[in-house]
Amino acid sequence: NAMKNWDDRGTTAEAIRAGMIDKLVYSVGKDPEHATLQDWSTALGLVVRDHVVDHWFRASHRSHEEKKKRVYYLSMEFLIGRLFNDAIANLQIEPAVQEALSTYGLELRDLLDQESDAALGNGGLGRLAACFLDSMSRLEIPAFGYGIRYEHGLFRQRFHDGWQIEEAEDWLVSGHVWEFERLEARYTIKFGGHISFDGQGNTKWHAEETVFAMAYDTPITGWQGKHVNTLRLWSSRPTEILDLRRFNSGDYLNAAEKMIRAETISRVLYPDDTTPEGKELRLKQEYFFTSASLQDLIRRYLTEHDDIRHLPDFVSIQMNDTHPAIAVAELMRLLTDEHRLSFVDAFDIVQKTLSYTNHTLLPEALERWHVGLFRKVLPRHMQIIEWIDFHHLAEVQSRNLAVSLEDVRIIGHGSEVRMGNLAFIGSKKVNGVSALHTELMKQTVFAEFHRLYPDRIVNETNGITPRRWLYECNPPLRKLLMETIGTDWIANLEKIDAAAAFATDASFKEKFAAAKHANKIRLAGVIEKKLGLRVDPTALFDVQIKRIHEYKRQFLNILETIALYQAIRRSPANDWTPRVKIFGGKAAPGYHVAKQIIKLANDVAKIVNSDPVVGDRLKVAFLPNYNVSLAEVIIPAADLSEQISTAGMEASGTGNMKLALNGALTIGTLDGANVEIGERVGPENIYIFGLTSEDVAEIRVKGYDSRATIEGDPVLSDVLRAIAEGDFSPDDPSRYHDLTDILYNSDYFLVTADFQSYFQRQRDVDHGFRDTSRWTERAILNTANVGWFSSDRTIRGYAADIWNVPSV
Ligand SMILES: CCc1ccc([C@H](C)CC(=O)N[C@@H]2O[C@H](CO)[C@@H](O)[C@H](O)[C@H]2O)cc1
């Protein structure tokens, strides 16, 4: 058959070299003499891609032949980053590639750096989806990721005078060898209009607007290429091309109006990662990719099975938060209006096929659409949701349980469609993303539902892929682990606990510390290149990298930084532990408080970094445009991982897992997965501080007087005085009055309440880091004891508890 056998394509350096020249000349159309780095990168990319395709075809043929149950992961976001190095690593051809490149004096790093990040996500939710794709391939679970092929991913962040500036991101400008356009996989998506009934129970949706959804496939290579799954991203296309009559009359813009309107749907990712903007375009994006995905998976199902009623036996669909929750109504529409099933039968299939993951308890992050807008854009779905809501309420009432009906309604207060309730009612399983988060879901947002359906909520604590987040991003530590405990940990991260036995082994400790130091030197180089700031790689690298949000409390970190700065200035002769505060993170463009926090960090950096009294004892570096590729450079170099959210507000966190796996010690609250990290690394290898989620819940009830706390804390009040008097903004002394007022007047995120215990804990960190030998032992025990946080373990949980599919 057409597919050459893996072996005869050859992974030898010579085979790769010859293949690369062949691609350079015949696909890129360049000869070696005139090739740019981008040309070589594309040529090598095409060679590696060919190897991936061989495994891809074999895997999809196998799944088709064996009629295996498939998993479909629906997500508005896939924060993939770069794919080139990931493919090379998973195919284990790096040595051969390096050798092939050396023939032309080329460095693999330089070719890899030509690839732009696929920044098709905001933060945790999007990156988790990407890690899950890698793990589903590693576990050989036949799966598809479904999402949107945004033309422009998350904005590029740059600083102008310390303020965040957003610029459109254009990852596709330099070509993208990792996707295949699928002209044949095209579906019609309808919007608006009205519904007619022909009396024989046939419903017709007369749409006002239609667009095409066109598929682009990206292969997701599993470890050692044993299995390759597909990420299918939808791009919107016009169903009507140019209006020639208008064009010929010179009305050029309006001639293209319909085309532009259609293409707008997949134009750009919404940059918010908590508060939905509630915009019509966002709702259209959510329906666009969900409908295309459901139409596509039903078409595939019917190529292998002929009775749609058995769909749940061969298909499991995971909704990544409420963003694809319209799937509940859309699958109902397809099963009833197109496959002529009764509503009752259709709903039974829907519930057995769909499941929903909740990623946040923040009330403002739960999506609710105004009924008016919803009915205008999706008239048929509004009808279907009214049917589901009516029958669900009837069922609840029939059970005579003392449940607040209003809380379990989908259509709340008669005016809003609650996507969380729709997702819950339409799912067989609902999961949280850490043990604490799942408990809080049962006690808060879904308390009434939990009483109605006590077995529906399950926990699947998040995880990260060890391929990208250790094997690929930390070569020095990878090398040490492979020569010490072998390679099993790469595919079975629990096996990394074998390193614990070497925690007190002098030579292992030395090599472990050397690996960390090498990564710190590399990061110091990046900080100097991007910020012109020289930092001491022997200092404590204290890292907070995540989206900027008040609940993540970058503000608390900055307050502690100022307190330390003031303390060093008060006692410059003291033997201070040199520290570099490293920040990274984007603020949603409309989130002004978050943007002020970025500006404050940059203003503090300006003052501290130029203060001769402090010198190298304290430096502050806010690296712009934090993304997956920058995380891969920062994380291996971190000594301290900041996970300081207000307890009960960070659903899980995944950066905490990546940093601990790479040998950073965590300073954090008992929030999200920090709790489970602490349980596994041991209390002596983590710095926990602050209020617990129970304390916070209590304070919510009895109230909190932040002003009293501030006035009772001389360190804190001195810090706030300095900020309020413009010590860090001499050009605009009152710049931060809003920020300090928030703390004096409300402090909802309890920054002042946790300041003292945080400040004290940081002094413990200073002390701990001074004992370099002991610190290295504790760092090794972090790496060794967080194997459980592999996304392979997480996906095994989903496969067993939710999808009911086997995993190798
Ligand atoms: C509609 C606007 C919007 C967009 C994204 C989101 C996401 C749910 C926010 C998010 O990324 N949540 C994070 O998900 C991670 C993966 O489970 C968790 O580790 C983080 O704790 C959680 O904040 C909410 C609201």
Side-chain angles (χ1 to χ4, degrees), residues 73-79 119-132 147-148 150 154 269-279 281-283 285-286 318-326 356-369 418-420 423 430-438 440-441 445 459-465 469 545-553 585-591 594 628 631 643-659 668-669 671-677 693 789 791 794-795 797-798:
Y73 199 83
L74 270 57
S75 181
M76 277 284 273
E77 305 183 17
F78 287 96
L79 195 42
L120 307 180
N122 277 285
L125 171 140
R127 182 57 234 179
L128 186 83
C131 283
F132 279 9
I148 296 180
Y150 301 104
L154 187 61
L269 165 75
Y270 270 89
D272 320 282
D273 78 331
T274 45
T275 25
E277 294 206 19
K279 294 277 189 322
L281 178 58
R282 169 78 181 192
L283 178 57
Q285 287 185 332
E286 294 184 354
Q318 193 68 32
M319 300 184 284
N320 199 17
D321 216 277
T322 59
H323 313 154
I326 189 66
Y356 153 53
T357 302
N358 173 280
H359 295 269
T360 180
L361 299 175
L362 298 180
E364 73 267 23
L366 302 175
E367 291 187 296
R368 323 153 213 266
W369 294 101
R418 298 166 173 160
M419 301 311 275
V430 172
N431 76 283
V433 291
S434 78
L436 175 61
H437 171 63
T438 302
L440 292 173
M441 277 170 64
V445 278
N459 175 238
E460 304 295 348
T461 296
N462 281 165
I464 57 169
T465 170
W469 297 111
I545 44 177
K546 52 189 74 224
R547 288 294 296 256
I548 310 299
H549 199 287
E550 286 167 278
Y551 86 82
K552 294 174 184 285
R553 301 203 293 190
K586 295 172 179 176
Y591 192 174
V628 171
Q643 309 298 333
I644 61 175
S645 52
T646 312
M649 303 189 94
E650 188 70 88
S652 163
T654 45
N656 46 8
M657 300 163 184
K658 295 161 189 166
L659 286 155
T669 51
D671 195 17
N674 298 352
V675 175
E676 292 154 89
I677 290 173
S693 57
F789 297 97
S791 47
T794 309
I795 291 296
Y798 279 83

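Counting convention: from 1, in listed order, for ligands and their atoms alike. Just so you know, these numbers come straight off a predicted model, no measurement behind them.
- Looking only at protein heavy atoms, the nearest one to atom 14 (O) of ligand 1 is L125 N, 3.5 Å.
- When only modelled atom types and interatomic distance are considered, Q285 and Y270 share no side-chain donor-acceptor pair under 3.5 Å.
- Side-chain contact, Q643 with K546: a donor N or O sits under 3.5 Å from an acceptor N or O.
- Contacts of R127 with ligand 1, taken as heavy-atom pairs under 4.0 Å, are absent altogether.
- Taking atom 24 (C) of ligand 1 as the reference point, the nearest protein heavy-atom neighbour is D273 O, 3.5 Å.
- Only the side chain of H323 comes within 4.0 Å of ligand 1, judged by heavy-atom distances.
- Checked by atom type, the side-chain pair N431/Y798 shows a donor-acceptor distance below 3.5 Å.
- For ligand 1, none of its N or O atoms has an N or O atom of G123 under 3.5 Å away.
- Among protein heavy atoms, atom 4 (C) of ligand 1 sits closest to D272 O, 3.3 Å.
- Among protein heavy atoms, atom 3 (C) of ligand 1 sits closest to T274 O, 3.7 Å.
- Under the 3.5 Å distance criterion, with hydrogens and angles disregarded, a donor-acceptor pair is assigned to the side chains of S645 and D671.
- Some N or O of E650 is nearer than 3.5 Å to an N or O of ligand 1, by distance alone.
- Looking at V433 against ligand 1, only its side chain comes within 4.0 Å, counting heavy atoms.
- Nearest protein heavy-atom neighbour of atom 19 (O) of ligand 1: G653 N, 2.8 Å.
- The protein atom (non-hydrogen) at minimum distance from atom 17 (O) of ligand 1 is H359 ND1, 2.6 Å.
- Going from atom OG of S652 over to atom CD1 of I677 covers 7.5 Å, rounded to the nearest 0.5 Å.
- Between E676 and T461, the side chains place a donor N or O and an acceptor N or O closer than 3.5 Å (distance only, hydrogens not considered).
- In terms of heavy-atom proximity, Y150 sits nearest to L269 at CD2-N, 3.4 Å.
- Of all atoms in ligand 1, numbered sequentially from 1 with element shown, those under 4.0 Å from a heavy atom of A651 are 21 (O).
- For ligand 1, the polar-atom distance check against S652 finds a nitrogen or oxygen pair separated by under 3.5 Å.
- Between the side chains of Y551 and E650, a donor-acceptor pair is found at a separation under 3.5 Å.
- Atoms of ligand 1 found under 4.0 Å from any heavy atom of Y551 (numbered from 1 in listed order, with element): 23 (O).
- Inspection of the H359 and N320 side chains reveals an N or O donor paired with an N or O acceptor under 3.5 Å.
- Within the listing of ligand 1, atoms 8 (C) sit less than 4.0 angstrom from a heavy atom of D321.
- Taking every non-hydrogen atom of R282 and a distance limit under 4.0 Å, the qualifying atoms of ligand 1 come out as 1 (C).
- For ligand 1 and N462, the ligand atoms under 4.0 Å from any heavy atom of the residue are 16 (C), 17 (O), 18 (C), 19 (O).
- Using modelled atom types, one finds a donor on one side chain and an acceptor on the other under 3.5 Å when comparing N358 with H437.
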(Q) Apply side-chain contact (heavy atoms from CB on, under 4.5 Å) to residues R553 and T669 and explain how you reach the verdict. (A) CA-CA 11 Å; R553 301 203 293 190; T669 51; 3.4 Å; yes

